[in-house]
Amino acid sequence: MLTFSKAILCAVLLAKYAYAAPAASSAAPVSSAAASVSSAASSAFATASSAVSSAFASAGSVASDVHRSSTASSPPASATVAFASDDPNGPLWNEESKSTPEAIRDTFGSNILGPQNVPIALQNPDLLAPPTTDEGSVQNAKWPFTLSHNRLQTGGWARQQNVDVMPIAASMAGVNMRLEAGAVRELHWHKTAEWSYVIKGSVQVSSVNSDGQNYLGTASAGDLWYFPPGVPHSLQATDDDPDGSEFLLVFDDGAFSEDSTFLLTDWLAHVPKEVLAKNFKTNIAAFDHIPSRQLYIFPSAPPPDNAQAPSDPQGQVPSPFVFHMSKVNATSLDGGSVKIVDSTTFPVAQSIAVAEVTVEPGAMRELHWHPTQDEWTYYLEGNGRVTLFAAESNARTFNYDAGDVGFVPASFGHYVENTGNSTLRFLEIFNTDRYQDISLNQWLALTPPDLVKAHLDLDDETIAHLSKTKYTVVGAA
């Protein structure tokens, strides 16, 4: 290419000087000079032309060789970026580890020089030393009820999680409540729906709907109850278990506060007694002993086992507010089990659905997502690990223990891995009337194989092994 450039430059310069030569006083000399210059220019152009032809021929040969070389060695589509690393990315320690946790993974990070809360670090290995697959930013998606302020009452207690402590959970909030045998969570109602899972013991619930139809039922360990927004109800622990009961409450609003409940005693303490007497058509003295402030939780005698709802001229509610999930047989899976309850089986539950999942040691809740529903998760037993994929290369891994709350926004890809030595059991709770999820494995299995190959460069054996039905839980290898 240098030869070609030089030839063109020489030809241009010669031509310029030939045609720009000064005129002579004699015609003959001029003619002779012009002929001489013209001959020189012609010779120069001839030389340049030859050089150009040679240069183009050479360039064409090189281009042809380059084209053939790139075709022969062009990488497959999946190799247009570097392959994913095979570096191990498991948790580096657990709560039983004796070593001091450090912010080091492979060659990354360094030791901690200042003070640290070792018990918390042991519970959260993937926050202190995250896997190299984590990237970008995802809001905190873990809240232990242990860190919630507890409201202590005579006969029980209550503690809550809402957006104040876990801002990512904008669509749902939770309360963990304990009632001693006979203790009452007083008559009340909420602006939101109330859904509950009984952790231990039994609770008798009572309610009346807007049509004046009443209901009385008992939910035992593993059972559910649900009250639509604004429907008044009460909760009372039975003495089926001498310790009373403990249960989980979930509300379909992340800003819900248990302290903002509409309570019977609180309301009547703020109504003039003359108005109360007029409303109930009785003497004002009838209200001499109403509380001057809310009771919230208070002790009482346990309800009888054969308790019945008062006779009601309007009849009973058409759809029970209690569902005996404890009596539903779980679907056995490779490495675990699942129970799903939504409005198809519990018709009154129009805004909250649940899946109770177990995952055996070494197994995992498969990679999946929920199309339009946020997931509020409560861990009942064991130890789990979850990575949230939030799109745009944002991913973060969290570790969970029994008593922890997790949250997965709608459409976030995730899995739940059992990282302990015992069964992992948790509740997936959704603000919807119908449970839905999409399995990554099933999606790929039902997609044209060539398209999957173009994305992931999987071999035929791996593609043939993809499952066209959902695993839900994947057993240990």
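This chain uses plain numbering: 1 for the first residue, then up along the sequence. Fair warning: this is a prediction, and the values are worked out from it, not measured in the lab.
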Who are the side-chain contact (heavy atoms from CB on, under 4.5 Å) partners of Leu127, not counting sequence neighbours?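 side-chain contact (heavy atoms from CB on, under 4.5 Å) list for Leu127, sorted by chain: Asn124, Phe398.
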Glu428/Thr377 under side chain to side chain donor-acceptor pair (under 3.5 Å): CA gap, chis, key distance, verdict: CA-CA 5 Å; Glu428 299 178 0; Thr377 317; over 6 Å; no
For a quick check under 3.5 Å, do [X] and [Y] share a side-chain donor-acceptor pair by atom type?
{"X": "Gln294", "Y": "Glu186", "value": "no"}
{"X": "Ser351", "Y": "Tyr226", "value": "yes"}
{"X": "Ser467", "Y": "Asn441", "value": "no"}
{"X": "Ser439", "Y": "Glu366", "value": "yes"}
{"X": "Gln436", "Y": "Arg434", "value": "no"}

Could you tell me the separation between the [atom1] atom of [X] and the [atom2] atom of [Y], rounded to the nearest 0.5 Å?
{"X": "Phe412", "Y": "His370", "atom1": "CZ", "atom2": "NE2", "value": "12.5 Å"}
{"X": "Ile438", "Y": "Ser411", "atom1": "CD1", "atom2": "OG", "value": "7.5 Å"}
{"X": "Leu179", "Y": "Ser300", "atom1": "CG", "atom2": "OG", "value": "11.5 Å"}
{"X": "Ser422", "Y": "Asn383", "atom1": "OG", "atom2": "CG", "value": "6.0 Å"}
{"X": "Ile168", "Y": "Gln139", "atom1": "CD1", "atom2": "CD", "value": "5.0 Å"}
{"X": "Tyr435", "Y": "Ile340", "atom1": "OH", "atom2": "CD1", "value": "5.0 Å"}

Ignoring hydrogens, what is the shortest heavy-atom contact between [X] and [Y]? Give both atom names and the distance.
{"X": "Glu375", "Y": "Phe430", "value": "CB-CE2, 3.5 Å"}
{"X": "His270", "Y": "Asp266", "value": "ND1-O, 2.6 Å"}
{"X": "Val359", "Y": "Arg365", "value": "CG2-N, 4.2 Å"}

Evaluate side chain to side chain donor-acceptor pair (under 3.5 Å) for Ser171 paired with Asp374, printing each intermediate quantity in order. CA-CA 7 Å; Ser171 57; Asp374 293 336; 2.6 Å; yes
Contacts of type ring-ring contact (aromatic ring centres under 6.0 Å, His included), residue Tyr400, not counting sequence neighbours: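 Applying ring-ring contact (aromatic ring centres under 6.0 Å, His included) to Tyr400 gives Tyr379.
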Please name all residues satisfying ring-ring contact (aromatic ring centres under 6.0 Å, His included) with Trp369, sequence neighbours left out, ordered by chain then number.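 Testing Trp369 for ring-ring contact (aromatic ring centres under 6.0 Å, His included), a comparison that skips the adjacent residues, returns Trp443.
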Report the residues that fulfil salt bridge (Lys or Arg N to Asp or Glu O under 4.0 Å) with Asp450, sequence neighbours left out, ordered by chain and then residue number.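 Testing Asp450 for salt bridge (Lys or Arg N to Asp or Glu O under 4.0 Å), a comparison that skips the adjacent residues, returns none.
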Whether Trp225 and Phe227 hold their rings parallel, tilted or perpendicular, with breakpoints at 30° and 60°: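 Trp225 vs Phe227 ring planes: tilted.
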Has [X] got a side-chain atom pairing as donor or acceptor with [Y]'s backbone, closer than 3.5 angstrom?
{"X": "Ser207", "Y": "Pro232", "value": "yes"}
{"X": "Asn94", "Y": "Glu96", "value": "yes"}
{"X": "Asp252", "Y": "Ala193", "value": "yes"}
{"X": "Asn89", "Y": "Thr132", "value": "yes"}

Run the side-chain contact (heavy atoms from CB on, under 4.5 Å) check on Ile199 and Asn176 step by step: do they pass? CA-CA 10 Å; Ile199 298 170; Asn176 180 207; 4.2 Å; yes
Pairs in or reaching into residues 394-411: which pass salt bridge (Lys or Arg N to Asp or Glu O under 4.0 Å), with residues at least two apart or in two chains?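 Listed once each, the pairs are Lys142-Asp404.
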Could you give the side-chain donor-acceptor pairs of residues 313-322 under 3.5 Å, partners two or more places apart or in another chain?
residue : atom : partner : partner atom : Å
Gln314  : NE2  : Gly212  : O            : 3.2
Gln314  : NE2  : Asp312  : OD1          : 2.7
Gln316  : NE2  : Asn214  : OD1          : 3.2

Quick check: are there more than 12 heavy atoms from other residues, nucleotides or ligands sitting under 6.0 Å from CG of Asn421?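 Counting other residues, nucleotides and ligands, CG of Asn421 stays at 12 neighbours or fewer.
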